[in-house]
Amino acid sequence: DRYAPEAFEAAAAPSPSGDAWPALPFRPPPVAVLGHVDHGKTTLLDALRGTSTEEAGGITQSLSAFTVGSTTFLDTPGHAAFTAMREASTHAVDCGVVVVAADDGVMPQTVEAVKQCRDAQSSIIVCVTKCDVCDVREDDLRLELLEQCGLATEKDGGDAPLVKVTAKTNDFDELRTTLEHVAEVS
């Protein structure tokens with residue numbers, strides 16, 4: 001057991017110099033999963049961690065955090081009533097995965113999530129869910145993101161990757177690779 005003064009001294013230690021940075025251990029990014037209600041945020045996270053979450057009333061009503069591999073995810077509620085909770089989560093993470101359902105497109109909480117990530121200076125990954133439900137109109141979706149959120153994806157010369165997934169087939173390789181890439185540059 002350490003005494004409180006020792007803990008405070010350790011916390012107050014000077015930051016490492018520029019030469020010491022390469023020797024520091026890699027810290028995987030904490031990631032918030034944000035977006036409109038019913039766009040598949042919790043289903044996506046359940047598929048990543050191999051669980052099935054039952055939500056009261058069928059919607060997420062609180063923040064939850066868990067680790068998959070070396071990445072810590074924050075599951076955020078998508079309902080409009082939980083704006084402050086989502087905003088707080090963006091200030092605690094390096095990256096926001098903004099979930100957009102292929103069958104719905106950009107919605108009010110999508111716009112809000114992009115704004116909150118930007119305000120918190122978090123990297124943004126756009127994750128299109130429910131790709132098994134309908135044909136993904138990627139060009140239309142990218143245009144909606146640009147017009148409604150001011151967000152250009154990498155394909156349009158911006159810095160936000162766009163990844164398509166379906167939780168039903170557990171095909172998350174592209175999302176995992178994208179998260180790793182964003183972590184390296186964050």
Side-chain angles (χ1 to χ4, degrees), residues 29-48 55 58-60 63 71 73-186:
V31 175
V33 180
L34 309 137
H36 197 74
V37 66
D38 281 340
H39 274 205
K41 297 174 299 296
T42 301
T43 302
L44 169 68
L45 292 170
D46 277 348
L48 281 170
E55 301 285 357
I59 64 168
T60 303
L63 288 176
T71 304
F73 291 93
L74 292 178
D75 187 9
T76 65
H79 193 277
F82 300 106
T83 297
M85 199 180 297
R86 283 190 303 278
E87 184 175 17
S89 74
T90 61
H91 288 277
V93 299
D94 295 336
C95 179
V97 174
V98 177
V99 175
V100 181
D103 59 346
D104 243 359
V106 172
M107 299 294 280
Q109 277 70 49
T110 312
V111 176
E112 178 186 271
V114 169
K115 180 185 180 320
Q116 290 169 335
C117 287
R118 283 187 171 145
D119 289 349
Q121 299 180 350
S122 298
S123 299
I124 298 173
I125 297 173
V126 177
C127 181
V128 183
T129 59
K130 303 184 182 184
C131 292
D132 56 317
V133 175
C134 69
D135 289 332
V136 179
R137 305 172 327 273
E138 185 179 328
D139 290 343
D140 294 341
L141 181 59
R142 290 190 349 259
L143 185 59
E144 286 179 34
L145 287 164
L146 190 58
E147 289 178 345
Q148 296 180 42
C149 306
L151 181 68
T153 64
E154 289 177 335
K155 196 168 189 176
D156 299 310
D159 58 0
L162 185 142
V163 178
K164 295 178 279 191
V165 300
T166 175
K168 295 191 181 202
T169 62
N170 288 334
D171 184 13
F172 301 115
D173 291 342
E174 185 180 2
L175 179 59
R176 286 185 183 104
T177 301
T178 303
L179 282 167
E180 288 171 12
H181 172 71
V182 169
E184 288 177 17
V185 297
S186 290

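Starting from 1, each residue takes its place in the sequence as its number.
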Which atom of [X] lies closest to which atom of [Y], heavy atoms considered:
{"X": "Cys127", "Y": "Val165", "value": "SG-CG2, 3.6 Å"}
{"X": "Thr110", "Y": "Gly105", "value": "OG1-O, 4.3 Å"}
{"X": "Cys117", "Y": "Gly96", "value": "SG-CA, 3.8 Å"}
{"X": "Ala113", "Y": "Gly35", "value": "CB-N, 4.4 Å"}

Within a strict 4.5 Å, meaning less than it, do heavy atoms of the [X] and [Y] side chains meet?
{"X": "Lys115", "Y": "Asp119", "answer": "yes"}
{"X": "Leu34", "Y": "Gln109", "answer": "no"}
{"X": "Leu179", "Y": "Val97", "answer": "yes"}

- Are the charged groups of Glu138 and Arg142 less than 4.0 angstrom apart, N to O?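 Looking at Arg142 together with Glu138, the answer is yes, because their closest N to O distance falls below 4.0 Å.
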- Query: Residues in salt bridge (charged side-chain N to carboxylate O under 4.0 Å, His left out) with Asp159, at least two apart?
  - Reply: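 Not a single residue meets the salt bridge (charged side-chain N to carboxylate O under 4.0 Å, His left out) criterion with Asp159.
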- Item | Nearest-0.5 Å distance, CG of residue Leu162 to CG of residue Leu141 |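 Rounded to the nearest 0.5 Å, the CG-CG separation comes to 6.0 Å.
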- Item | Value rounded to 0.5 Å, distance of SG in Cys131 from CG in Asp103 |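 If I round to the nearest 0.5 Å, the distance is 9.5 Å.
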- Item | Residues, nucleotides or ligands: over 12 heavy atoms within 6.0 Å of Arg137 CZ |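 Atom CZ in Arg137 is not packed in, count stays at 12 or less.
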Per-pair distances, 0.1 Å, donor-acceptor, side chain in residues 144-154, under 3.5 Å, sequence neighbours excluded:
unit_1: Glu144; atom_1: OE1; unit_2: Val106; atom_2: N; d: 2.8
unit_1: Thr153; atom_1: OG1; unit_2: Asp156; atom_2: OD2; d: 3.1

